[in-house]
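Values below: all heavy atoms of this structure, side chains included; hydrogens, waters and symmetry mates excluded. Quick caveat: nothing in here was measured; it's all calculated off a predicted structure.
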Amino acid sequence: MPTLKKFTLLELTKDLDVKIQGNPDCMITGVSPVHQAQAGHITFLTNPQYRKYLPDTQAAAVILKPEDAAECKVTAVISANPYFVYAKIAGYFDSQPEVTVGIHPTAVIGEDCEIDPTASIGPNCSINDHSKIGARVVIGPNCAIGNYVTIGADSRLDAGVMVYHRVNIGKRCRLASGVVVGSDGFGFANQKGTWHKVPQLGGVEIGDDVDIGANTTIDRGAVESTVIEDGVKLDNLIQVGHNVRIGAHTVVAGCVGIAGSTNIGKYCMIGGASNFAGHLSVADKVIITGMTAVTKSINEPGMYSSGIVGAVPNYEFLKNNARFHRLENLMQRVKSLEAAVKEMTERE
Amino acid sequence: MPTLKKFTLLELTKDLDVKIQGNPDCMITGVSPVHQAQAGHITFLTNPQYRKYLPDTQAAAVILKPEDAAECKVTAVISANPYFVYAKIAGYFDSQPEVTVGIHPTAVIGEDCEIDPTASIGPNCSINDHSKIGARVVIGPNCAIGNYVTIGADSRLDAGVMVYHRVNIGKRCRLASGVVVGSDGFGFANQKGTWHKVPQLGGVEIGDDVDIGANTTIDRGAVESTVIEDGVKLDNLIQVGHNVRIGAHTVVAGCVGIAGSTNIGKYCMIGGASNFAGHLSVADKVIITGMTAVTKSINEPGMYSSGIVGAVPNYEFLKNNARFHRLENLMQRVKSLEAAVKEMTERE
Amino acid sequence: MPTLKKFTLLELTKDLDVKIQGNPDCMITGVSPVHQAQAGHITFLTNPQYRKYLPDTQAAAVILKPEDAAECKVTAVISANPYFVYAKIAGYFDSQPEVTVGIHPTAVIGEDCEIDPTASIGPNCSINDHSKIGARVVIGPNCAIGNYVTIGADSRLDAGVMVYHRVNIGKRCRLASGVVVGSDGFGFANQKGTWHKVPQLGGVEIGDDVDIGANTTIDRGAVESTVIEDGVKLDNLIQVGHNVRIGAHTVVAGCVGIAGSTNIGKYCMIGGASNFAGHLSVADKVIITGMTAVTKSINEPGMYSSGIVGAVPNYEFLKNNARFHRLENLMQRVKSLEAAVKEMTERE
């Protein structure tokens, strides 16, 4: 294992808007969850359920809100947003492999490419003609980049990312392994019972600061481009159909499917395993809870849900499932009752 | 960007069953959606909602149905199936990278392979022993092909496709990046609490004209083969279990899961995010709407659905979800009411 | 095709706890399903529905339970667990490509790696610094392994598997093509509307005898590691979020999503396309039926379900779906009826 990392609390917090209560020179050697904090580590407290661990923590320092500072017997890093402060501090302890600048000799580079000399192109990659790779971009092993692709400065593609032709990726993006960007949208015209491919002529436009999780797929547009705006965060195994637009700073959890031409607004939060039908429009600041089936446009901000959630013992489920399939019948029986009771009441 | 493509309308339609109203020699330089048609472009009209854009279109030509021709002030390409005509014309404007025939020097080819001299094998590919690659087949970068594989003429594997041993792929197929064909089916025998792998001895048989979307997985059969018949179109992130058969010309949208040994008929349409239990049989010409859970065989053509769709405000959902879990109780209450009303009626 | 494999029944069963009724020296040349058994093949009978095929089977031998032996006119291999015996015998007929020991010349190996001389590293792989590859490990073509990774003896990574840094994989594991292990968990801290990455400092710990299906993704932990215990079997296209723990000998079918920090017990069986919210705890020996949405912890063994399953004709579905969205209203009407009937009864 590599040498232990070690920083004073002051070094770790020098660019952050925090107040330190205690010893700013204490040495920090790692991070821990609050309920398992180890000596020399820094931890954070955001969830009130974990406050009980605070008095006895072994941590060297705890990042917390002003209202929790009084209870903290070790050094406290006080912030209105402890999780954000934690995110910035944790970056110092990241153990990602160091990057070797330059083009690995096994990489295959096409004609007329512009590859910034500070970029790193890993083993067994290929980059097709006319593509531009920006400053400090890292392309991991076994990536394949099509032609006329641009990748902005400081973006990072992990091993095994596949980018088709005519895709633009912004700055500071991160694409995890197995991501596919620019595959053909699912478009077929039926002629006498057989399906004929509709060429997918659009591209994919990905903004700055976009994260895309492992094995997520983003199809190219049919005519115009599929668009992922700045700051969007996509988790793993998400399907983004052709001509979809996802608005800036929207987060989408894993296993979500978004059918073609659906337009999701900015600052939305989409729960895992939700699915969107095609050609819908979802307003800004919409929250979709997990496993929701969105089949109509949503025009107002708010929290939306569908489906049946909550696993119950199978025998209960079987009864309720059967009842569901006869809900219409139940309704008719209630209507009959209503009519009978009304008649009786009127007769009295 | 590469040179602009440019064709006369006559060139574009020469093999198509269309009637031209207007100028067959007009130059076409691209395609546009009907509501954003640009000068020099060709567009198409199929959705009646977009008919309002027809009178003012800037397009050079519009592909449309006979009944819409009268309203078209620019050149019209008249067809009973405008979307199919569009699909064929759009092919002229496709900007896919040109293919370099031959085997890239970084590709690793096994023994006793037959690779047609017109095929293209991309950088960093490997093809294992005894495999046959047909005429004009294109295998993109970073593909790995197992042994005893055959790939028929004019098929195309995009970058990063993984094909296991003893898989047969027909002619004119297209496999998008990240597709896996021939991985082991999910078969384990339990012996005293631990699971033992059941060897998966079958292969995968893929017919002609099959499209498979990005990161879709197709498992090999347990004893017999998994079969995808001619003309099937699979979207992205679909799971096809071992011994599944999908009938000819069936289309399956993204994020669908098909458990082992299920047999789906010909000319079916399967909506996105639907799931099929194993060992089912689905008739020909069945339509399954999106997000349906198919747990029993379907013996008749028609449109089938399940689940709860339609996202509603979360507070409504929570109430209905809770009610659902007490549906059995609701039914019992209705039965009591029915008995009470019956008794009262009889007493009168 | 390669030479036909051929064994006597005695050879095939020599390590198995079985009783042979008939000819132990009969030659076996392959396996078949019971309803399609071919001459010279061995087959097995576990499902009572297939017992009808037993009297007329063309198979050379049938693996079956004691109670079925009397009806078997060919050689019978009698076992309390015929499917397990089949699994072991089928292994003799597996046609997986032979493995070439050693490091392929196109593979790129980092510094300070320990690669057992009996391991096989395929074409166009890369292994980053300080990683350890055990005895008889097989790494297929186009895999990328990060630094400080360990892979235990007899494990196998098929083509195109991506393993990030600081991941430990046990012995006798098998990872199918497209698997991603160790990608960053989905953690972002919101500061003034934009999302900031929370570094994912944990690793992934995978036990012995773990199988992972094609294109499944397993994220690394946020601080501690994501853990997959011994004997776990994961199917294709599963998402395992950061800090998840899956207990020993649990099986998970395809298309399942497990959100972060959820803890699934040992000896569980999780049906396909089920989804788990985050931070849940599921007891040992829990069975979750397919397509279930698990949103609360489950503390007792048993079979659990949710959702609406069973596709019905679309017009029925539409009615029931609409009724569901007015369940609360239906309940209120039933309550009114109950009040009315109660009043009438009391008045009488």
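- With chain A as partner, the option from C/His196, C/Lys296, C/Gln200 having the largest number of non-hydrogen pairs under 4.5 angstrom is C/His196.
- For chain A, the option among C/Gly146, C/Ala340, C/Ala322, C/Gly310 with the highest count of heavy-atom pairs below 4.5 Å is C/Gly310.
- Residues A/Asn236 and C/Asp219 have side chains that bring a donor and an acceptor to within less than 3.5 angstrom of each other.
- If you run salt bridge (Lys or Arg N to Asp or Glu O under 4.0 Å) between C/Asp184 and each of A/Arg174, A/Lys233, A/Arg156, only A/Arg174 comes through.
- Among the candidates C/Met162, C/Met303, C/Gln191, C/Lys319, the residue making the largest number of heavy-atom pairs closer than 4.5 Å to chain A is C/Gln191.
- In terms of heavy-atom pairs under 4.5 angstrom with chain A, the leader among C/Asn124, C/Val312, C/Val294 is C/Asn124.
- Here the closest non-hydrogen pair linking A/Val251 and C/Phe186 is CB-CZ, 4.5 Å.
- Residue contact with chain A, scored on non-hydrogen atoms closer than 4.5 Å, involves the side chain of C/Ser183 exclusively.
- Under 3.5 Å, the side chains of C/Tyr304 and A/Asn314 contain no donor-acceptor pair of N or O atoms.
- Interface check for chain A: of the options C/Val334, C/Val163, C/Asn147, the most heavy-atom pairs under 4.5 Å are formed by C/Asn147.
- With chain A as the partner, the residue from C/Arg323, C/His130, C/His325 showing the most heavy-atom pairs under 4.5 Å is C/Arg323.
- For C/Phe324 against A/Leu327, the heavy-atom pair with the smallest separation is N-CD1, 3.6 Å.
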